[in-house]
Trainee: 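Could you have a look at this structure, given as structure tokens, before my questions?
Numbers restart at 1 for each chain; the letters A, B, ... are given by sequence-line order, proteins then strands.
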2 protein chains.
Amino acid sequence: MTTPAARRLRADAEHNTARILAAAEEVLAADPAASLERIGEAAGLTRATVHRRFASRQALLDALTEQLNQRYLSALAQSKVGNPPPLVAFRRLTEIVFDLKVSHRYAMDLVSAQDNCRSALSPEVAAGLEEIFAQLRESGEITATSPAWCRQVYLALLNEVHELPDDTTDLVEAGRSRAELVVRAVVGALGGPRRHP
Amino acid sequence: MTTPAARRLRADAEHNTARILAAAEEVLAADPAASLERIGEAAGLTRATVHRRFASRQALLDALTEQLNQRYLSALAQSKVGNPPPLVAFRRLTEIVFDLKVSHRYAMDLVSAQDNCRSALSPEVAAGLEEIFAQLRESGEITATSPAWCRQVYLALLNEVHELPDDTTDLVEAGRSRAELVVRAVVGALGGPRRHP
DNA sequence: CCTAACTGATACACACCTGTCGCACTTACC
DNA sequence: GGTAAGTGCGACAGGTGTGTATCAGTTAGG
């Protein structure tokens with residue numbers, strides 16, 4: 001419903017909707033309470049045009065979350081090409097999603113922030129993540145069983161690594177990328193080498 | 001500066017400031033954009049009175065963060081009585097802070113949400129946490145070295161456990177409290193039994 | 001090239017929040 | 001019990017964001 005698509009938009013109009021979404025992501029990441037005026041300005045458009053593409057502020061936000069869910073799905077698909085071992089797939093996914101975190105910070109916060117015990121994460125994405133963690137568990141990488149717990153820990157640590165200051169002493173220690181740091185932390189948090197006898 | 005204290009308030013007035021703070025926590029936790037009117041209403045007071053106690057909305061928010069920082073300090077002190085081993089102190093701290101998370105959810109989000117790479121967490125609290133993690137590292141419980149990383153991972157996982165749905169399958173598995181779950185996850189994430197050779 | 005689609009500009013109505021008064025009334029506290 | 005402090009009520013001014021509408025000008029696309 002976010003994209004009525006009753007009739008196809010003209011090419012430039014469709015291009016502008018993309019610019020609005022990009023501008024919204026950029027502006028709202030800096031200030032979640034930014035007005036539609038500032039978003040339009042950042043997109044090089046007028047507030048009126050923003051309203052023409054998105055009936056309300058909420059509609060714009062919904063479009064942002066939908067866009068992010070699409071990229072999530074794409075990331076999940078990409079991580080599974082070639083049927084790699086679970087840990088490799090997980091690492092691939094983390095690298096892609098980490099880039100998403102950089103370019104879609106606000107949308108990710110929006111999706112994670114549930115209003116009433118309800119996450120905006122699409123069921124398909126949730127299922128994809130659940131599958132990843134199920135495979136990690138089957139191959140003995142983790143021991144945690146609750147899909148919700150695995151998912152939340154993953155997204156939370158991803159978030160923290162992204163907001164980590166630039167004195168990356170821990171990264172130097174590990175000598176790897178930030179994605180690798182996330183993978184290790186998540187695996188550790190979810191019971192890597194099971195420690196309770 | 002949050003509490004001018006030029007002259008002591010009358011007893012009932014001071015009592016009302018506490019009610020305002022409590023109401024603010026409750027209302028803002030449900031809706032971070034709630035108006036001062038609704039906060040006053042929840043406190044059984046008028047908006048005018050809220051303005052009398054707190055010059056501006058920002059002043060009220062500052063008072064909330066200051067209050068939370070005080071409770072943080074208290075929690076840190078409580079966790080260290082009797083000079084327990086680091087892991088025990090850490091577990092105690094987690095239990096207390098977990099209760100804080102329940103009763104001061106909005107304030108904790110407020111403190112964690114840095115506006116410009118700047119956390120509202122008081123330096124004293126940050127130092128206290130750093131000390132805890134330093135002791136955990138010295139006793140071999142964790143391997144991570146960056147204080148910021150440890151702190152962020154800790155608060156993030158605490159947050160996720162709190163927002164965990166009620167189907168606590170993982171808790172049943174562990175057979176322990178939620179605080180115990182946090183402790184294990186944090187220790188695991190921060191390199192419990194060091195895994196890289 | 002010509003029409004339909006799209007945009008910019010502007011204005012309006014509406015709603016909400018903030019901050020500040022002033023005044024009558026109630027309450028705490030010496 | 002009397003005084004000063006505190007509160008409720010109402011009102012006002014100022015600001016900001018939202019959503020809608022109109023109209024003239026520009027651009028895409030058959």
Side-chain angles (χ1 to χ4, degrees), chain A residues 1-65 106 109-110 113 115, chain B residues 1-65 106 109-110 113 115:
Chain A
M1 300 304 166
T2 314
T3 308
R7 275 202 309 267
R8 295 231 338 244
L9 290 170
R10 224 167 68 178
D12 57 343
E14 196 133 13
H15 182 239
N16 279 342
T17 61
R19 291 184 43 153
I20 293 175
L21 285 174
E25 169 56 46
E26 180 185 6
V27 172
L28 293 177
D31 175 17
S35 66
L36 299 184
E37 176 109 42
R38 281 176 43 191
I39 294 174
E41 184 186 17
L45 299 171
T46 323
R47 184 173 68 93
T49 302
V50 178
H51 273 107
R52 273 188 270 260
R53 301 280 130 250
F54 303 96
S56 68
R57 182 188 183 88
Q58 188 57 44
L60 174 57
L61 266 47
D62 290 347
L64 276 179
T65 72
Y106 174 76
D109 289 355
L110 193 61
D115 275 341
Chain B
M1 300 305 166
T2 314
T3 308
R7 273 203 310 267
R8 293 216 356 229
L9 289 171
R10 226 167 64 177
D12 56 344
E14 197 133 12
H15 182 239
N16 279 341
T17 60
R19 292 186 42 156
I20 293 175
L21 285 173
E25 169 56 47
E26 179 185 6
V27 171
L28 293 176
D31 175 17
S35 66
L36 299 184
E37 176 108 43
R38 282 176 41 191
I39 294 174
E41 184 186 16
L45 299 171
T46 323
R47 184 173 68 94
T49 302
V50 178
H51 274 107
R52 273 189 268 261
R53 300 281 129 249
F54 302 96
S56 69
R57 180 186 185 89
Q58 188 57 45
L60 174 57
L61 266 47
D62 290 346
L64 276 179
T65 72
Y106 174 75
D109 289 355
L110 193 61
D115 275 342

Trainee: Which salt bridge (Lys or Arg N to Asp or Glu O under 4.0 Å) pairs, counting each pair once, include a residue from residues 13-28 of chain A, with sequence neighbours left out?
Mentor: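 Listed by first then second residue: nothing to list.
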Trainee: Looking only at N and O atoms, is any donor in the side chain of Arg57(A) or the base of dG19(D) less than 3.5 Å from an acceptor on the other one?
Mentor: no
Trainee: Roughly how many Å is it from CD in Gln58(A) to C1' in dG17(D), rounded to a whole number?
Mentor: 15 Å
Trainee: Does Asn16(B) place a side-chain N or O at less than 4.0 Å from the phosphate oxygens OP1/OP2 of dG6(D)?
Mentor: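 For Asn16(B), the contact criterion (side-chain N or O under 4.0 Å from OP1 or OP2 of dG6(D)) is not met.
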Trainee: Over how many whole Å does the gap from Phe54(B) atom CZ to dG19(C) atom P extend?
Mentor: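 The answer, rounded to whole Å, is 13 Å.
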Trainee: Does any non-hydrogen side-chain atom of Leu61(B) lie less than 4.5 Å from one of Leu28(B)?
Mentor: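 The answer is yes, as the side chains (C-beta and beyond) meet within the 4.5 Å cut-off.
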Trainee: Once you round it to whole Å, what is the distance between P of dA28(D) and CZ of Arg10(A)?
Mentor: 7 Å
Trainee: Of all the choices, dC17(C), dA28(D), dT22(D), which nucleotide is nearest to the side chain of Ser35(B) once you look at every atom?
Mentor: dC17(C)
Trainee: Evaluate the side-chain proximity of Phe54(A) to Leu64(A): yes if any heavy-atom separation is below 4.5 Å, no if none is.
Mentor: no
Trainee: Can you check whether Ile39(B) reaches Leu45(B) side chain to side chain, under 4.5 Å on heavy atoms?
Mentor: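 Ile39(B) vs Leu45(B): side chains apart.
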Trainee: Of the listed nucleotides (dT7(D), dT7(C), dC21(C)), which one gets closest to any side-chain atom of Leu45(A)?
Mentor: dT7(C)
Trainee: Between Asp31(A) and Arg38(A), is any pair of side-chain heavy atoms under 4.5 Å apart?
Mentor: yes
Trainee: Could you tell me whether the side chain of Arg38(A) has a donor or acceptor atom within less than 3.5 Å of a complementary atom in the base of dG17(D)?
Mentor: no
Trainee: Separation of His51(B) atom NE2 from dT7(D) atom P, in whole Å?
Mentor: 14 Å
Trainee: Looking at dG19(C), does its base get a donor-acceptor pair with the side chain of Arg47(B) below 3.5 Å?
Mentor: yes
Trainee: Counting only side-chain heavy atoms from C-beta out, which of dT7(C), dA21(D), dG19(C) sits nearest to Ala48(A)?
Mentor: dA21(D)
Trainee: Which distance, rounded to the nearest 0.5 Å, do you find between the CG of Leu36(B) and the NE2 of His51(B)?
Mentor: 5.0 Å
Trainee: Distance check needed: dA4(C) P versus Leu9(A) CG, whole Å only.
Mentor: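 The answer, rounded to whole Å, is 18 Å.
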Trainee: To the nearest 0.5 Å, what is the distance between OG1 (Thr46(A)) and CZ (Arg52(A))?
Mentor: 7.5 Å
Trainee: How about Arg53(B) and Leu9(B): do any of their side-chain heavy atoms sit closer than 4.5 Å?
Mentor: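 Yes, their side chains come closer than 4.5 Å.
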Trainee: Would you say a side-chain N or O of Ser56(B) is under 4.0 Å from OP1 or OP2 of dT18(C)?
Mentor: no
Trainee: What is the distance, rounded to the nearest whole Å, between atom CD of Glu14(A) and atom C1' of dA28(D)?
Mentor: 13 Å
Trainee: Is the phosphate of dG8(C), meaning OP1 or OP2, less than 4.0 Å from a side-chain N or O of Arg52(A)?
Mentor: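 Answer is no, no contact under 4.0 Å.
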Trainee: Within the 4.0 Å heavy-atom criterion, would you say Gly40(B) contacts the bases, only the backbone, or no part of the nucleic acid?
Mentor: nothing
Trainee: Find the distance Glu41(A):CD to dA9(C):P and express it as a whole number of Å.
Mentor: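 Taking atom P of dA9(C) as the reference, CD of Glu41(A) is at 11 Å.
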Trainee: Please determine whether a side-chain nitrogen or oxygen atom of Thr49(A) lies at a distance below 4.0 Å from atom OP1 or OP2 of dC6(C).
Mentor: no
Trainee: Separation of Glu37(A) atom CD from dT7(C) atom C1', in whole Å?
Mentor: 15 Å
Trainee: Nearest-nucleotide wise, let me know which of Asp12(B) and Ala55(B) is further upstream toward the 5' end of DNA chain C.
Mentor: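 Taking each residue's closest nucleotide, the earlier one in sequence belongs to Ala55(B).
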Trainee: Take the C1' atoms of the five end pairs on each side of the helix from dT3(C)-dA28(D) to dC30(C)-dG1(D), derive the two axes, and give their angle rounded to 10 degrees.
Mentor: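 Between the axes fitted at each end of the helix from dT3(C)-dA28(D) to dC30(C)-dG1(D) lies an angle of 40°.
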